Amino acid sequence: FKQIASNVKCVNFYGTTETPQAKSYQIIDSKLIQKLKEKNIQAIPVGKGINDVQLVVLNSEQKLSRIDENGEIYIRSPYLSLGYLNDDDLTTERFIQNPFNQNSKDRLYKTGDIGRFLSDGTVIHLGRMDNQIKIRGYRIELNEIEVVLKSHENISQSTVIAVEFSESDKRIIAYYVLKNNIDEQIFESELKNYLMRLLPFFMIPQHFVKLEKFILTPNGKIDKNVLPMPNINTDSIDINLPKDELSQKLTEIFS
């Protein structure tokens, strides 16, 4: 937007239907963009809450997450909806009393979104909890891989899934659509090097699939149910599973 219209003011809003609508914002300017690049952050922050709203990031024990520690985003506000119609169980699960005081009217909405605090107190959104997987002991947010993939100058669209070929063989598969006509094999090698500079080794996809276009669902999202599987001969893969407790411990250490 800034390249097209230098005087436009860009604001990133964040909220959910249950809160309702936009409950936080982040004004985007050149200083923010530069700061994000220096910290190698690939997503725009969702900022801080509007008046009478607080974004709270809690860990799995419902304690406040530390700066740069991933957790779940909760929205604290007197303007939350009352709950889900005719669904008391879901209402109880998603609308909770503030764990930091005894006020029954002080409620938080559990968004199901992954986020973390930056050093200035703003919050960055990292994807959905239901898009989080665990491979070889590492907890991985597939959205983080997608964000880095989309940041490559030659990729117009991308998505990432995890496929379990067997109980001990879960793999990450990246799908992408190119902006230009580039040799697929040369580009895949370049893409792997690009990802290795920006992601830890355990988040690098094992397989890459180039598509001409993505099939979309009726609401405009990528239909992950119809993504083609890469041509993988899993029968030829020899996996030696640990046979005793010592082998299991050694495997966990080296993983």
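From a predicted model like this one, the values you see are computed outputs, not experimental measurements.
Side chain of Ser158 to main chain of Tyr175: no donor-acceptor pair is present (N/O by atom type, distance under 3.5 Å, no hydrogens or angles). Put simply, the side chain of Arg116 never gets that close to the backbone of Gly71: no donor and acceptor are under 3.5 Å apart. In terms of modelled atom types and a separation under 3.5 Å, the side chain of Glu164 and the main chain of Lys170 share no donor-acceptor contact. Formation of a donor-acceptor pair under 3.5 Å by the Ser156 side chain with backbone atoms of Val177 is found in this model. Without hydrogens or angle criteria, Thr19 side chain to Gly15 main chain gives no donor-acceptor distance under 3.5 Å. Using a distance-only test at 3.5 Å, with no hydrogens or angles considered, a donor-acceptor pair links the side chain of Lys179 to the main chain of Glu153. Judged by distance alone, the side chain of Ser24 and the main-chain N or O of Val46 form a donor-acceptor pair under 3.5 Å.
Using a 4.0 Å cut-off between a side-chain N of Lys or Arg and a carboxylate O of Asp or Glu, Lys249 and Asp244 do not qualify as a salt bridge. Salt bridge annotation for Glu93-Lys110: absent, with no cationic side-chain nitrogen under 4.0 angstrom from a carboxylate oxygen. Salt bridge status for Glu18 with Arg107: absent, with no side-chain N to carboxylate O gap under 4.0 Å. Salt bridge status for Asp169 with Arg171: present, with a side-chain N to carboxylate O gap under 4.0 Å.
Connection of Val123 to Phe100 is established within a shared hydrophobic cluster, with ILVMFWY side chains joined at heavy-atom distances below 4.5 Å, either directly or through further cluster members. Connection of Met203 to Val147 is not established within any shared hydrophobic cluster, with ILVMFWY side chains joined at heavy-atom distances below 4.5 Å, either directly or through further cluster members.
No side-chain donor from either of Ser77 and Gln54 sits under 3.5 Å from a side-chain acceptor of the other. Between the side chains of Thr92 and Asp89, no donor-acceptor pair of N or O atoms lies under 3.5 Å. Asn12 and Tyr25 share no side-chain donor-acceptor pair at under 3.5 Å.
The shortest side-chain heavy-atom distance between Ile41 and Leu118 falls under the 4.5 Å cut-off.
Just one of Glu146, Lys221, Lys150 meets the side-chain hydrogen bond (donor to acceptor under 3.5 Å, both in side chains) condition when paired with Thr159; it is Glu146. When each of Leu195, Leu199, Leu198 is tested with Leu149 by the rule side-chain contact (heavy atoms from CB on, under 4.5 Å), just one qualifies, namely Leu195.
Annotation: the span from Ile186 atom CD1 to Glu190 atom CD amounts to 9.5 Å, rounded to 0.5 Å. Note that CD1 of Ile44 is 8.0 Å distant from CD of Gln26, once rounded to the nearest 0.5 Å.
The shortest heavy-atom contact between Gln97 and Asn103 is CG-O, 3.5 Å.
In this structure, Tyr14 and His125 have tilted ring planes: the angle between them lies in the 30° to 60° band. Between Phe187 and Tyr176, the ring planes are tilted. Angles from 30° to 60° get that label.
Here Lys39 pairs with nothing under the salt bridge (Lys or Arg N to Asp or Glu O under 4.0 Å) rule; sequence neighbours left out.
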